[in-house]
Every structure is written in C-alpha cells, then in structure tokens.
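Working notes for the structure below.
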Amino acid sequence: MSFSSKILDWYHENKRSLPWRKSTDPYKIWLSEIILQQTRVAQGTPYYLSFVENFPTVYDLASANEEQVLKLWQGLGYYSRARNLHAAAKMVVEQYNGKFPDNYKKLLTLKGVGDYTASAISSICFNEAQAVVDGNVYRVLSRYYGIDTPINSTEGIKYFKSLAQKVMDPANIRDYNQGIMEFGAIQCSPKKPLCLHCPLNDSCVALEKGLVDTLPVKLKKVKVRNRYFNYLIPIYKDADGNQFTSIHQRIGKGIWQNLWQFPLLESDDVLEIDDISIRYKEVLGDMKSNEVIAYNVNAIVHKLSHQHLHTKFWLVYINDDFANKIPVEEISDFPVPVLIADFIKAFKF
DNA sequence: AAGGCGGGGAG
DNA sequence: CTCCCAGCCTT
C-alpha cells in the first residue's frame with residue numbers, strides 16, 4: 001500500500017472532531033488556518049469559536065475596527081496575524097467583491113497567506129491538488145523518507161514542497177492534507193512518537209536506521225535578547241473618588257505592534273526605586289507625583305521566543321489632573337499584551 | 001539568506 | 001530547562 005493510502009486510512013480511523021472540520025466555507029477555513037499558524041489546536045480553538053461568533057462573515061470582519069480584532073486576538077501572540085487578517089478581509093470585500101478567492105494562486109495575494117495557508121484553503125475548500133507543508137509534514141516526510149536536509153534551509157523548503165507534491169493523493173487531497181498533519185500531530189509526534197504501532201513502521205527509513213530522534217534537522221536557534229522594562233502606572237484620584245491612569249498604543253516596528261501599554265521606561269539594566277524617582281519624568285512628562293511605589297521588587301521575566309523582558313511595574317501616584325487620562329474601568333477595553341493583562345488582573349485599581 | 005515576531009504546553 | 005506548535009513578512 002502506498003504512503004498516501006496509509007495516511008488516508010490512518011486519518012479515517014483517528015481524525016479528531018474539530019469545529020472548522022464541519023465546514024468547507026473558505027472564510028471559516030481561512031480563519032482557522034491563520035489562527036493555527038505556529039499555534040496548537042488546543043490554544044487556537046477558543047479563538048476560532050470567538051471569531052466565528054463575533055464575525056460570522058468576511059463582511060463583518062472587514063467592517064470591524066482593528067481595535068476590536070486585536071482585542072479578540074489578545075493572548076494568542078504573533079499579532080501581525082491579526083492585523084493581516086483584518087487587511088485580508090478588506091481585500092476580499094473590496095478586490096474580490098466579497099467572494100473568497102477560489103484557487104491557490106489568488107489566495108497567495110492575500111495578506112498573511114503564504115504557501116502553507118494557500119495550499120490548505122485551496123485543497124480543503126476547492127479540492128485543488130496542493131500539498132500542504134507545515135511543521136507536521138516536515139517531520140513525517142523527513143522521518144519516513146530519511147531526509148536530513150535542514151527543513152528551514154532554502155534548499156529544504158523547496159525539496160520538501162516538491163516531495164510532498166510527489167507523494168500526495170491528488171484525488172483525495174482534502175483528507176490527505178489534513179491526514180498527514182493529524183498524523184504528525186498525534187502519531188509521528190516530535191517527542192516519543194508512537195512507532196510501535198505505526199501503520200508505516202515497516203517502511204520508515206528513520207525507524208529502520210535509528211534516526212527518529214534526530215529527524216527532522218533544523219538549522220540554528222534563536223538568540224535571546226534581554227530587555228529591561230519599567231512600566232510606570234500613573235494613578236490619579238479626583239475629588240469625586242474616580243480613579244484614572246494612562247495607557248497608549250505601541251507604534252512603529254518591534255513587538256506588540258498596535259497593542260496598548262502603560263508608559264514605558266526602557267533601560268539598559270534593572271532599575272531601582274531611586275532611579276525611577278529621578279527618571280519617571282522621562283516618560284510621564286510634567287505629571288507631578290509625591291509617591292512612587294514598586295509593585296514588584298524582583299523583575300518579572302516575560303519570555304518571548306526571542307526576547308526576555310525583565311519587567312518592573314511602578315505605581316506613580318499623581319497629585320494633579322493630567323491630559324489624556326483614562327478612567328481605570330476602561331482599561332479592559334484596550335488590546336494589551338499578556339504581560340500587561342496579567343498586571344491589570346493582579347493589581348486591582 | 002537570515003532575522004523578527006507570542007504565548008503556552010509537553011517532556 | 002528546551003523544543004516547537006496547521007508560518008509569514010521584511011530586510
């Protein structure tokens with residue numbers, strides 16, 4: 001039996017019931033695929049349900065504010081996906097008259113849709129014979145065929161796409177594509193794959209040669225940069241007892257683009273109370289304070305894949321009214337990074 | 001060709 | 001702790 005036949009048989013026996021599998025509506029499949037990029041099914045599923053609920057059609061998504069989209073995306077990470085999702089929805093409405101592109105080539109024109117996602121949508125929704133190549137597929141193919149070309153090299157990317165295209169089952173591409181990914185996620189997992197009762201264990205090169213633990217090969221590892229964040233939380237209470245603070249949007253490049261945060265003083269090293277008492281004006285301008293209190297003494301280390309953010313929150317009690325103040329009840333309306341959301345949750349204003 | 005971009009779960 | 005997840009975009 002061929003590789004693809006075994007994958008298909010395995011899939012029919014083992015496929016999970018997932019929300020997006022109840023539909024071939026390209027809008028919903030696209031939503032699920034963007035959400036699941038570099039994201040586990042368990043983490044992405046509640047976000048998928050929330051997006052379908054809040055934006056039932058591409059028109060609803062296109063006419064939303066970016067703010068709403070980012071707020072729903074909050075906590076999922078890789079926020080460019082949310083910005084591109086919103087931009088692509090507008091493209092579908094404006095350039096494709098609200099009708100989702102129905103082939104691989106056109107799908108690639110959408111923001112945030114690359115080779116993998118265009119292949120997934122075109123195969124699942126339109127039966128186009130495009131083999132998907134995601135992290136699961138790299139692992140399954142590299143092991144089964146014993147390929148040690150680095151999966152993230154230019155050569156490897158090209159090689160695995162053509163190999164995937166060669167071994168797929170074009171007549172059953174919808175199930176085959178989902179099947180090989182599911183197989184990679186459940187059976188041929190990164191750690192401790194279930195080789196003992198694997199339907200491919202009589203012909204898997206990696207198993208035969210004892211290379212299961214060394215394949216796939218991946219180049220380099222990301223270097224982590226340490227950064228030192230000091231969030232200054234202005235706290236002002238007016239004569240009526242209403243509390244206010246300040247929050248603003250991150251602009252430009254870098255992490256958390258277009259999300260919101262408290263005034264930030266970034267430094268070259270950990271700062272202490274004496275440093276903050278002198279330097280808080282650098283970010284709070286002419287706000288007058290008579291008291292600065294450390295919220296946390298030891299820096300919280302918020303870990304991104306490529307940065308470690310050593311973070312201290314400082315409570316800066318403000319004496320006088322100031323411009324652009326925000327009632328504290330409104331801060332939950334803003335899309336914020338998890339680091340900020342955790343603070344807001346723990347610190348009850 | 002290489003680097004930037006989140007957050008969380010598994011081992 | 002390390003690895004990596006239904007990747008894409010920019011430089």
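Chain A is the first sequence line, chain B the second, and so forth, proteins listed ahead of strands; every chain is numbered from 1.
At a threshold of 4.0 angstrom between heavy atoms, the contacts of A:S305 include nucleobase atoms, whether or not backbone atoms are also involved. Heavy atoms of A:W20 sit under 4.0 angstrom from at least one base atom. A:N177 comes within contact range of no nucleotide atom at all, as no heavy-atom separation falls under 4.0 Å.
Contact check, A:W256 against B:dG7: a side-chain N or O comes under 4.0 Å of OP1 or OP2. For A:H306, no side-chain nitrogen or oxygen approaches OP1 or OP2 of B:dG6 to under 4.0 Å. Not one side-chain nitrogen or oxygen of A:S32 sits closer than 4.0 Å to the OP1 or OP2 atom of C:dA6. The phosphate of C:dC4 (OP1 or OP2) has no side-chain N or O of A:R139 nearer than 4.0 angstrom.
For the pair A:I186 CD1 and C:dA6 C1', the interatomic distance rounds to 12 Å; values are reported in whole Å.
Side-chain contact, A:T24 with A:R174: no donor N or O sits under 3.5 Å from an acceptor N or O.
When each of A:K192 and A:I255 is assigned the nucleotide of DNA chain B with its nearest heavy atom, A:I255 is the one assigned upstream, toward the 5' end.
No hydrogens or angles were tested; on distance alone, a donor-acceptor pair under 3.5 Å links the side chain of A:R40 to the base of C:dC4.
Comparing the same atom, P, in B:dG4 and in C:dA6 gives a spacing of 24 Å after rounding to whole Å.
Among the nucleotides B:dG7, C:dA6, B:dG11, the one closest to the side chain of A:K191 is B:dG11.
Here the two rings, on A:F313 and A:F262, have centers that are 6.0 Å apart or farther.
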